[in-house]
Amino acid sequence: MEVPIKNKLNAKELFRIKRMKEEIKTTNPHGHKEYLEIIYLEQGAGFHQIDFNRFPVKPYSLYLIMPGQIHSWELTEIPKGFVAMIQKDFLLDHPLYHDLFQTFPLPFPSGFNLEGKSDIFSGIFNSIESEYLKGESNYQAVIQTYLLLIFNLLRREIKAEQALPFPVLLKTFFTLLDSEYRANHEAKFYAEALNTTPKTLNTACKRFLGTTASAVIK
């Protein structure tokens, strides 16, 4: 089954922030066209599936849906919060551009529980919304500064084992995968090209990514 790709931004729109639609819903798996979506919920319950990860929806949760990721909702309570959509070009020449749009694998986990940090994150998202709605001079640069603050704060939340540097084997695998994934879909192909065994490649993927080499390729 082909997964639909949604595009909620118009051709010239580089950034948008809006309130999460306050309705209980279940959605089919879908992706977003070449933009990053940040969802920060202050209320809600249910589940949020992002790729292979199933996250509980609870107050003060933050989710990142990167370009190319697939997600779906199973909400059991009305959600309240913010949805920010960021096109690549909004962050050109910005410190976040390489991390968010040119790095594989993903530089951040897809879900965060920010209970205990709610005051600062709620304040940031309210400030971004205010800047966006007022549209005063230089407001985009101010929003970019707030986004940098968000991701620097999220780096603090990443567990130590998630921050471990990737071994050379995985870095080479990612580079090879980036150029070959359209034509080659078998872990054996990549293992042989990397002069290793499928078992060794799988072990590295499971340790650092929490999934198999085949799942990464898929």
Side-chain angles (χ1 to χ4, degrees), residues 1-10 13-18 20-21 23-41 44-58 61-77 79 81-91 96-114 147 150-151 154 157-158 162 166 170 173-187 190 201-202 205-206 208-218:
M1 182 181 69
E2 188 173 345
V3 176
I5 302 298
K6 297 183 178 181
N7 189 1
K8 299 177 184 177
L9 299 175
N10 63 48
E13 195 174 16
L14 299 181
F15 177 86
R16 183 195 299 174
I17 187 169
K18 63 177 185 177
M20 183 80 170
K21 190 175 291 186
E23 63 181 23
I24 297 174
K25 63 181 180 180
T26 297
T27 64
N28 293 322
H30 62 276
H32 301 130
K33 188 176 182 181
E34 297 181 354
Y35 62 83
L36 162 66
E37 193 165 87
I38 306 173
I39 300 169
Y40 175 66
L41 294 183
F47 292 95
H48 189 189
Q49 184 81 26
I50 306 175
D51 283 348
F52 303 103
N53 299 306
R54 185 173 172 83
F55 298 99
V57 172
K58 58 179 67 174
S61 294
L62 184 146
Y63 308 99
L64 302 175
I65 300 97
M66 302 292 187
Q69 287 193 295
I70 305 300
H71 79 127
S72 60
W73 294 96
E74 299 172 35
L75 295 172
T76 57
E77 290 183 9
F82 299 89
V83 180
M85 291 162 277
I86 308 164
Q87 290 276 24
K88 291 181 179 181
D89 287 353
F90 186 71
L91 294 175
L96 287 173
Y97 181 83
H98 180 78
D99 280 351
L100 296 182
F101 296 111
Q102 294 187 340
T103 300
F104 184 84
L106 301 175
F108 292 91
S110 295
F112 292 85
N113 178 4
L114 299 175
L147 291 174
I150 286 172
F151 283 99
L154 291 180
E157 302 298 314
I158 298 175
Q162 292 174 304
F166 292 106
L170 280 188
F173 173 45
F174 302 146
T175 301
L176 183 63
L177 183 60
D178 197 43
S179 62
E180 295 288 340
Y181 75 92
R182 290 180 177 85
N184 294 289
H185 308 132
E186 301 295 329
Y190 294 95
L201 184 58
N202 265 325
C205 287
K206 287 179 180 178
F208 288 88
L209 303 175
T211 190
T212 65
S214 294
V216 173
I217 296 165
K218 182 179 179 181

Check your understanding: Looking at side-chain heavy atoms only, is the closest gap between Asn113 and Lys58 below 4.5 Å?
Key -> yes
**Study point:** N-O pairing of Arg54 and Glu74 below 4.0 Å
**Key:** yes
Study note, to complete from the structure: The reported gap from CD1 in Ile5 to NE2 in His30 (rounded to nearest 0.5 angstrom) is 9.0 Å
Point to revise | Leu114 vs Tyr40 side-chain heavy atoms within contact, under 4.5 Å | key: yes
Review point. So which heavy atom on Ile39 is nearest to which on Met20, and how close?
Key: CG2-SD, 4.4 Å
Exercise for review: Show your working on side-chain contact (heavy atoms from CB on, under 4.5 Å) between Ile217 and Leu177 and close with a plain yes or no.
Suggested key: CA-CA 7 Å; Ile217 296 165; Leu177 183 60; 4.0 Å; yes
Review point. Any donor-acceptor pair under 3.5 Å linking the side chain of Asp51 with the backbone of Gln69?
Key: no
Revision key, fill the gap. One should read off an interatomic distance between Phe90 CZ and Phe15 CZ, to the nearest 0.5 angstrom, of 5.5 Å
Review point. Is the backbone of Lys33 close enough, under 3.5 Å, to the side chain of Asn7 for a donor and an acceptor to pair up by distance?
Key: no
Point to revise | Other residues, nucleotides, ligands: >12 heavy atoms within 6.0 Å of Asn28 CG | key: no
Check your understanding: Could you state the interatomic distance from CD1 (Ile150) to CG (Leu62), rounded to the nearest 0.5 Å?
Key -> 7.0 Å
Practice item. Could you please spell out the steps behind the side-chain contact (heavy atoms from CB on, under 4.5 Å) verdict for Leu147 and Leu96? Key: CA-CA 9 Å; Leu147 291 174; Leu96 287 173; 4.2 Å; yes
Practice item. Taking all heavy atoms of Ala213 and all of Asn202, pick out the closest pair and write down the distance. Key: N-OD1, 2.8 Å
Review point. When rounded to the nearest 0.5 angstrom, what distance separates CD1 in Ile38 from CD1 in Ile17?
Key: 8.5 Å
Review point. If every non-hydrogen atom of Leu64 is compared with every non-hydrogen atom of Phe108, which pair is closest and at what distance?
Key: CD1-CB, 3.6 Å
Check your understanding: Do Arg16 side-chain atoms and Lys8 backbone N/O form a donor-acceptor pair below 3.5 Å?
Key -> yes
Practice item. Determine whether more than 12 heavy atoms belonging to other residues, nucleotides or ligands lie under 6.0 Å from atom CD of Glu13. Key: yes
Review point. Are Tyr190 and Phe173 an aromatic pair by the rule of ring centers under 6.0 Å?
Key: yes
**Study point:** Separation of Tyr35 OH from Ile86 CD1 (nearest 0.5 Å)
**Key:** 11.5 Å
Review point. Between Ser214 (side chain) and Ala187 (backbone), is there a donor-acceptor pair under 3.5 Å?
Key: no
**Study point:** Non-hydrogen atoms of Cys205 and Leu170 that approach each other most closely
**Key:** SG-CD2, 3.8 Å
Review point. With no hydrogens and no angle check, is any side-chain donor or acceptor of Tyr63 less than 3.5 Å from a backbone partner on Ile50?
Key: no
Study note, to complete from the structure: Ile70 and Pro29 have their tightest heavy-atom pair at CG2-CB, 3.7 Å
Point to revise | Lys25 atom NZ: more than 12 heavy-atom contacts under 6.0 Å | key: yes
Point to revise | Aromatic ring pairing Trp73/His48, orientation class (parallel under 30°, perpendicular over 60°, tilted between) | key: parallel
**Study point:** side-chain contact (heavy atoms from CB on, under 4.5 Å) between His71 and Glu37, intermediate numbers included
**Key:** CA-CA 11 Å; His71 79 127; Glu37 193 165 87; 4.0 Å; yes
**Study point:** Candidate pair Ser61 and Phe55, rule side-chain contact (heavy atoms from CB on, under 4.5 Å), full reasoning
**Key:** CA-CA 9 Å; Ser61 294; Phe55 298 99; over 6 Å; no
Review point. Taking C-beta and beyond as the side chain, do Met85 and Lys18 meet within less than 4.5 Å on heavy atoms?
Key: yes
Point to revise | Pairwise distance NZ(Lys206) to OG1(Thr211) - rounded to 0.5 angstrom | key: 8.5 Å
